[in-house]
J.: 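My structure is below; once you've seen it, I'll send some questions.
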There are 2 protein chains.
Amino acid sequence: MDKTDIKQAGLKVTLPRVKILEILEASGKGEGPRHLRAEDVYRRLLERGEEIGLATVYRVLTQFVEAGLVCRHNFEGGQSVFELDRGVHHDHLVCMKCGRVVEFMDEAIEARQEAIATQHGFTLEDHTLVIHGLCPRCQKPA
Amino acid sequence: MDKTDIKQAGLKVTLPRVKILEILEASGKGEGPRHLRAEDVYRRLLERGEEIGLATVYRVLTQFVEAGLVCRHNFEGGQSVFELDRGVHHDHLVCMKCGRVVEFMDEAIEARQEAIATQHGFTLEDHTLVIHGLCPRCQKPA
DNA sequence: AATAAAATGTGAAGCTTTTGCATCTTTTGG
DNA sequence: CCAAAAGATGCAAAAGCTTCACATTTTATT
């Protein structure tokens, strides 16, 4: 994931785009959560001393999603989260209390979805599966 | 679903609440789509000549959800849709083009989710599964 | 290096949803 | 059935996230 990918997406290689890609790459690699809201990306850019506008962050993230470099998820209430697209599909387990996110992938579920779509005459283009619960830590008495 | 349910939820039986419940009951029974946005409910109230504020619609829908009378879903970008809770869990197939919604329920998927949550130490409280695709009508060449 | 095309920053605007507060309605108990 | 208390409503304003408009700056091209 680097400048080459940006270019191949038909986008010019600009500083904001490169920096945003860096932020996304750093996420989930020990540096905090993998899934970031636009606001989080913006804040991290500021922390790194980059003067990039929030509107640009939104624009670039949207372009990256369209280019297939990034995935967007709408976990809940209005806010979208973004993560680098690693090319492997997966779904999410989200803790209702602390917001922790765990990824998983289940062949059986994937297969059943395909079957259900077909059964109703639909073509399956995409899907969203989010399991909400309490993570091990949050289940413990406060 | 009537005034009794409102009362049992610890809410006063007011005209707005009764009317909103009526709108939800009428939906999905031949009268348009089953899933309504707050705005849709509001519009239908106006059509029926009821002078109920949009803020009240939001407040009442939220209270109904908390009382378990209504389910809220966040199909996509920001907007929530509401439907009367019939007590039977189900997931959704949503057409990406026309927005048509088909409900389904699959034991195999439900079981797998429980297994996955447990496997990661999570307690399963709830889940959201939305399959996006093209419905039979929208697959046909325009 | 000059030019054309595209991207950015800023601030304002858009949308959905929530909130504050004065007023009105329902409920309760006499 | 009426009065008081508790709760609900409407309106308008505010909030939160995201997008837009447009002048300015940067990238890619020749």
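The sequence lines fix the lettering, A, B, ..., with proteins before strands; numbering per chain opens at 1.
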J.: Any side-chain N or O of B:Y58 below 4.0 angstrom from OP1/OP2 of C:dT18?
T.: no
J.: C:dT8, D:dC11, C:dT16: which one has an atom nearest the side-chain heavy atoms of A:V60?
T.: C:dT8
J.: Return the set of residues passing side chain to side chain donor-acceptor pair (under 3.5 Å) with B:R43 (not counting sequence neighbours), or none when no residue passes.
T.: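 Counting only residues at least two positions away or on another chain, B:R43 forms a side chain to side chain donor-acceptor pair (under 3.5 Å) with B:D40.
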J.: Indicate whether OP1 or OP2 belonging to C:dT17 is found under 4.0 Å from a side-chain N or O atom of B:S80.
T.: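 For C:dT17, OP1/OP2 do have a side-chain N/O of B:S80 under 4.0 Å.
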J.: Nearest whole Å is fine: how far is C:dC21 C1' from B:R59 CZ?
T.: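 Rounding to the nearest Å, CZ of B:R59 and C1' of C:dC21 are 11 Å apart.
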J.: Among D:dG10, C:dT8, C:dG11, which nucleotide has an atom closest to any side-chain atom of B:T56?
T.: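 Given the options D:dG10, C:dT8, C:dG11, the side chain of B:T56 is closest to D:dG10.
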J.: Look at B:R17 and C:dT26 and indicate whether a side-chain polar atom (N or O) is within less than 4.0 Å of OP1 or OP2.
T.: no
J.: Let me spell it out: for each of B:K12 and B:E51, pick the nucleotide of DNA chain D with the closest heavy atom. Which residue's pick is nearer the 5' end?
T.: B:K12
J.: Rounded to the Å, how far apart are B:L36 CG and C:dT16 C1'?
T.: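 So the CG-C1' distance, B:L36 to C:dT16, works out to 16 Å.
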J.: Rounding to an integer number of Å, can you tell me how far B:E50 CD sits from D:dG10 C1'?
T.: 15 Å
J.: Rounded to the Å, how far apart are B:E39 CD and C:dT18 P?
T.: 13 Å
J.: So which of B:H132, B:H35, B:H127 actually passes ring pair (Phe, Tyr, Trp, His ring centres under 6.0 Å) with B:H92?
T.: B:H35
J.: Check side chain to side chain donor-acceptor pair (under 3.5 Å) between A:T123 and all other residues, then give those that pass, not counting sequence neighbours.
T.: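 In terms of side chain to side chain donor-acceptor pair (under 3.5 Å), with neighbours along the sequence ignored, A:T123 is linked to A:E125.
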J.: Looking at residues 63-71 of chain A, who's got a heavy atom less than 4.0 Å off DNA chain D?
T.: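 Heavy-atom cutoff 4.0 Å gives no residues at all.
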J.: Whole angstroms only, please: what is the NZ-P distance between B:K19 and D:dT9?
T.: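 One finds 14 Å between P of D:dT9 and NZ of B:K19, rounded.
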J.: Output the rounded distance in Å from CG (A:L15) to C1' (D:dT27).
T.: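 Result: 12 Å.
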J.: Look only at the side chain of B:R44 and the backbone of B:L24, and say whether a donor-acceptor pair between them is shorter than 3.5 Å.
T.: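 Checking the backbone N and O of B:L24 against the side chain of B:R44, no donor-acceptor pair under 3.5 Å is found.
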J.: Taking the minimum atom-to-atom distance to the side chain of B:T14, which one of C:dT26, D:dT18, C:dT19 wins?
T.: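 Nearest to the side chain of B:T14 among the choices is C:dT26.
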J.: If I take atom CG in residue A:N74 and atom P in nucleotide C:dC15, what distance separates them, rounded to the nearest angstrom?
T.: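 Taking CG of A:N74 and P of C:dC15, I get 19 Å after rounding.
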J.: For B:E47, is the CD atom crowded, meaning more than 12 foreign heavy atoms sit under 6.0 Å from it?
T.: yes
J.: State yes or no: do A:V81 and A:I20 share one hydrophobic cluster built from I, L, V, M, F, W and Y residues joined by side-chain heavy-atom distances below 4.5 Å, directly or via other members?
T.: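 Each belongs to a different hydrophobic cluster.
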J.: Can you name the nearest heavy-atom pair linking A:Q139 to A:L134, along with the distance?
T.: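 Looks like NE2-O, 2.9 Å.
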J.: Rounding to an integer number of Å, can you tell me how far B:L61 CG sits from C:dT17 P?
T.: 10 Å
